[in-house]
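All values derive from a computational prediction rather than experimental measurement.
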Amino acid sequence: MAGWIYTENGFWELEAGEKYILKACARAESADGRLVDTRTARLESRAEENGILTLRFQGEEGLILTERLAVSEGGMAWADCSLQEADGSEVSTRLLLPLIFSSPDTKRGGEIPDIWRDLWVRMLCVPYDNTMWLRYEALPLRAGRRSYDLTVLYSEDSREGILVGALDFDRWKNGIVCSATDANTLEARCGMADEGTHDTQPHGVLRGAQVSSSRFGILYGPDYRRLLEAYGDFLSSERPPLKWEHGVPFGFNSWAGLAFRLNEERYEKSAEFLRTQLMPEGYENQGITYANLDAGWNVMTPERLAAQADQLHQAGQKAGIYDAPFAFFGRDTRAEIPGVPGHVYGEILLKDGKGRFLPRVDGAIPYDVTHPLWEEMTRYKFDRFAAWNYDYVKVDFMTHGGMEGCHYDRSVTTGRQAINRAYAFLDSLLDEKRIGRPFFISLSIAPVFPYGYGHARRVSCDAFGTARDVEYELNSHTYGWWLNGRLYQYNDPDHIVLLRSFGMEKDSTEGEAKARYTTAVIAGTVMMLSDDYERPEARERTRRFACNRKVNRIAASQTAFIPAESAGSSASEAYTAVIEGKACAALFHWKEGKDTVVLDAARAGLPADAEYTDLWTGRSFRSENGILRWEAEGCDALLLRERS
């Protein structure tokens, strides 16, 4: 059982069993630049009540920092801090550091985790979101290196790890940063607004008689992968994901295959292809497929959009649509807001402290999602989706809702407060109790946190059908598989391109198609195909790869496979799961030429000696002495299931 110990000179340590896990202190800064640091402040009081150790420090500049240290019943150690003025007046701050942590003091005796002595220790750098093709990285400690909301320090060889992650996401943008003066010291910060969050304005100021940080949780154990899952389980116990009880969505999304070539005829023919060619051969779940419109659907009239949804329903299918509710891509800020006559877009765009529109990020100006006119516009749009009888919406460019700026509602002073409010508003508009039927919400280009909104979150930026897309998609899975079923009902692996997406110069190979489909199958998942089915080659290839019933049964199981290894800035080549009592493994190769992909089955937790069937080809593979080998050439994949 873990516990906190106050040592001396403003430091405390976390103890677990016979090991000291980390040593820490804290610091806070008022909005006017005054500091209080537990290393130099006076310890005014120390008390323990209901399992919470509370330390109160008085600084020299009129500030008081109060640190709380505790361990939950489930074993999650946590810490937070609060700031107040010594004279009782209102305090304001945009930066709190409840944990500045490093290796424990060896002078006190006891053991410390080996990773604190490991020159090759890895720091998992979690991106704030996935816009503009951001990716996860696992890199050596270096001054200034940063991760958003959580990190794990771990050994690639032993897998021993220490996880430090925020537990609250309602007010602060959080992060973990290597100290500029000592890379082996890391700072858990509340108040991260920088190029990594795409902010051009400083983090908003929080005010009150006392301002508290987010809680940061700490977990230690022999396998960093289990720490990430335990962290997700803890968060899910505090705020469950938005539940979807109607199975993994299988279907088609228009963007990769058609982009702005989308029109009514192509949409209807794509839906017909799903219904008449793919569903009878096994591409469906619970007898349902979705035909989803992406950007560009506004070339169709409202009457035809409603008629199309009704036609799909009569044929036993579901209809999906698209919106970017937080981002303004238009050029004329004086154009009238749809559904809000007499008002123009310029009224609802987010501004800086001088009243100027914020710069475009990824092509769009953020909306001020606290503005009542934004709410009126969004209600108008989403009420139309419901009235047209659509069943699914992809909401895109969600990061824009969390930008720092000056909001219409002055009680909202941070981007995190704004995006929580906006997410909750969207969910309420499409709540089953309000509209009378289930409505699936998939978040796209969205921050990892806050969570609990939307049924799915796309794990990457746009991923199409090449070997590079396979590797990029798997990077998100290597470090984010644990989000599935915990923070979001489903990890969404993006539209599955099997032949060619818009912008590609040539068709993908059959190996690329198989590998890309497999990345989606193991994700957890949402299965949305996307090709131009006017091409006979696209129809033929899709029939071949999307209708394998055994493969689709794995996808419908809602199981996110676990990475066998980490991979720095790239992706693991091997993933494992146990489904219906049978060991399963997915192996990938995305490089040119020949290579041997190796899975250490015993290290991955699979039977040391077992025979597997590749669900794609029917070939047999055997792990011998705990090792499974596959001679691969070019981009390709195996999806293995243990034989009875």
Side-chain angles (χ1 to χ4, degrees), residues 246-254 256-258 266-292 312 315-318 320 392 463-465 469-470 473 490 492-501 507-559 561 577 579-580 582 584 586-588 612-619 635-641:
H246 309 283
V248 168
F250 277 58
F252 165 81
N253 178 278
S254 66
L258 299 175
R266 292 186 177 112
Y267 175 57
E268 291 179 353
K269 286 187 175 181
S270 297
E272 181 184 10
F273 176 67
L274 280 178
R275 182 173 64 253
T276 62
Q277 300 293 312
L278 302 186
M279 290 179 66
E281 297 300 320
Y283 184 76
E284 49 80 22
N285 188 24
Q286 301 180 12
I288 297 293
T289 57
Y290 291 75
N292 288 0
L312 288 170
Q317 292 178 284
K318 302 287 187 181
Y392 182 121
F464 300 115
D469 295 301
V470 169
E473 186 70 29
Y490 302 124
D492 180 348
D494 204 14
H495 35 36
I496 309 161
V497 179
L498 297 179
L499 188 68
R500 184 190 294 193
S501 73
D507 293 348
S508 60
T509 66
E510 291 201 356
E512 287 175 316
K514 188 197 303 180
R516 182 65 182 93
Y517 197 90
T518 308
T519 64
V521 168
I522 69 169
T525 185
V526 174
M527 299 292 289
M528 290 293 151
L529 300 169
S530 194
D531 268 293
D532 180 358
Y533 299 123
E534 290 182 332
R535 293 189 61 193
E537 303 93 330
R539 296 196 298 272
E540 189 276 332
R541 181 173 287 183
T542 302
R543 281 192 293 265
R544 231 161 359 104
F545 285 104
C547 297
N548 184 317
R549 294 181 188 274
K550 293 180 180 179
V551 169
N552 290 341
R553 186 176 177 182
I554 299 291
S557 73
Q558 309 181 53
T559 304
F561 282 49
I579 300 174
E580 298 176 344
K582 299 294 182 181
C584 299
L587 304 183
F588 296 89
Y612 298 87
T613 299
D614 176 27
L615 299 183
W616 285 117
T617 63
R619 289 175 57 195
C635 187
D636 206 350
L638 300 180
L639 185 58
L640 305 177
R641 188 175 188 270

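- Of all heavy-atom pairs between A515 and C635, the closest is CB-SG, 3.9 Å.
- Salt bridge absent: K514 and E510 never bring a charged side-chain N and a carboxylate O closer than 4.0 Å.
- Here CG of D532 is found 11.0 Å from NZ of K269. Values are rounded to the nearest 0.5 Å.
- A donor-acceptor distance shorter than 3.5 angstrom exists from the side chain of S530 to the backbone of G257, with no hydrogens or angles considered.
- At a threshold of 4.5 Å between non-hydrogen side-chain atoms, the residues I554 and F561 count as touching.
- Considering only heavy atoms from C-beta on, M279 stays 4.5 Å or farther from F250 through its side chain.
- Under the 3.5 Å distance criterion, the side-chain polar atoms of T525 are matched with a main-chain donor or acceptor of A520.
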Checklist line | Chi angles and distances behind the side-chain contact (heavy atoms from CB on, under 4.5 Å) call for L312, E268 | finding: CA-CA 9 Å; L312 288 170; E268 291 179 353; over 6 Å; no
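- Distance CG/D507 to CD/E512: 10.0 Å, rounded to 0.5 Å.
- Across every non-hydrogen atom of R516 and A463, the tightest pair is NH2-O, 3.4 Å.
- Partner of Y517 under the side-chain contact (heavy atoms from CB on, under 4.5 Å) criterion, chosen from L529, L639, V470, N548: L529.
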Item checked: From CA spacing to verdict: side-chain contact (heavy atoms from CB on, under 4.5 Å), S254, Y267 -> CA-CA 7 Å; S254 66; Y267 175 57; 5.6 Å; no
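- When atom types are taken as modelled, the side chain of D531 and the backbone of R500 share a donor-acceptor pair closer than 3.5 angstrom.
- For E281 and R543, the salt-bridge test fails: no basic side-chain N is under 4.0 Å from an acidic carboxylate O.
- Taking all atoms of both residues into account, the shortest heavy-atom contact from V497 to A256 is CG2-CB, 3.5 Å.
- In this structure, the side chains of V526 and P493 come closer than 4.5 Å at one or more pairs of heavy atoms.
- A donor atom on one side chain and an acceptor atom on the other are not found under 3.5 Å apart for N285 and Y290.
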Checklist line | Evaluation steps, side-chain contact (heavy atoms from CB on, under 4.5 Å), between C547 and L278 | finding: CA-CA 6 Å; C547 297; L278 302 186; 3.8 Å; yes
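- Nearest heavy-atom pair across L499 and A538 is CD2-N, 3.4 Å.
- Atom CG of residue D469 and atom OG of residue S501 lie 7.0 Å apart, to the nearest 0.5 angstrom.
- Side-chain contact of R539 with T542: a donor-acceptor pair under 3.5 Å is absent, judged by distance alone.
- With salt bridges taken as basic N to acidic carboxylate O contacts below 4.0 Å, none links K582 and E580.
- In this structure, Y392 and M528 approach most closely via the heavy-atom pair CE1-CE, 3.9 Å.
- Distance check, rounded to the nearest 0.5 Å: OG1 of T613 to NZ of K550 gives 7.5 Å.
- Outside the 6.0 Å centre-distance limit, the rings of F252 and F273 are not counted as a close aromatic pair.
- Using a 3.5 Å distance cut-off with no hydrogens or angles, the side chains of Q317 and T289 do pair a donor with an acceptor.
- Contact between N253 and H495 at its shortest, heavy atoms only, is OD1-CD2, 3.7 Å.
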Check: Between W616 and D636, does a side-chain contact (heavy atoms from CB on, under 4.5 Å) hold up when you go through it step by step?
Finding: CA-CA 11 Å; W616 285 117; D636 206 350; over 6 Å; no
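- Here CD1 of I288 is found 11.0 Å from NE2 of H246. Values are rounded to the nearest 0.5 Å.
- In this structure, OG1 on T519 lies 5.0 Å from CD on E473, to the nearest 0.5 angstrom.
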